[in-house]
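The structure presented is a predicted model; accordingly, all values stated were derived computationally and were not measured.
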Amino acid sequence: MKNTIQDEKLKDKISADDKAKAEKAIDDALKWLESNQLAEKEEFEHKQKEVEGVCTPIMQGLYAQGGGGGMGGMPGGMPGGMPAGGGGGPNIEEVD
């Protein structure tokens with residue numbers, strides 16, 4: 001996410017205010033992660049939701065403008081989203 005908002009190709013498509021908001025949310029989360037490595041799973045998920053709450057509307061705006069077409073996604077897809085490779089391919093069933 002941090003690399004995406006700092007991408008030179010997208011700098012004209014993200015407002016300075018949105019970029020600052022996203023960078024602050026990401027930096028705060030990274031600092032929290034460094035100092036809370038022993039936190040519970042729920043705490044990590046809560047922090048992830050906070051960052052997503054700030055960054056998702058910004059990224060949706062980028063995609064609406066057509067600026068998100070060439071951006072790379074997260075390996076394996078977004079957490080909680082469709083699994084990677086689970087698209088329209090054939091289903092293979094085990095046969096005895």
Can you tell me how far CD of Glu52 sits from NZ of Lys47, rounded to the nearest 0.5 angstrom? 13.0 Å
For Leu10 and Leu62, which heavy atoms make the closest approach, and how far apart are they? CD1-CD1, 4.2 Å
For Gln37 and Phe44, which heavy atoms make the closest approach, and how far apart are they? O-CZ, 3.8 Å
Taken to the nearest 0.5 Å, the spacing of His46 NE2 from Glu40 CD works out to 14.5 Å
Residues in salt bridge (charged side-chain N to carboxylate O under 4.0 Å, His left out) contact with Lys31, at least two apart in sequence or another chain: none
Sort and list the pairs that fulfil salt bridge (charged side-chain N to carboxylate O under 4.0 Å, His left out) and have at least one residue in residues 18-30, not counting sequence neighbours. Lys2-Asp27, Asp17-Lys21, Lys24-Asp28
Only counting residues at least two apart or in another chain, list the ones meeting salt bridge (charged side-chain N to carboxylate O under 4.0 Å, His left out) with Glu42. none
Roughly how far apart are Lys49 NZ and Glu45 CD, rounded to 0.5 Å? 7.5 Å
Taking Ser35 for its side chain and Trp32 for its backbone only, find out whether a donor-acceptor pair lies under 3.5 Å. yes
Closest heavy-atom pair and its distance - Ala25, Val51: O-CG2, 3.8 Å
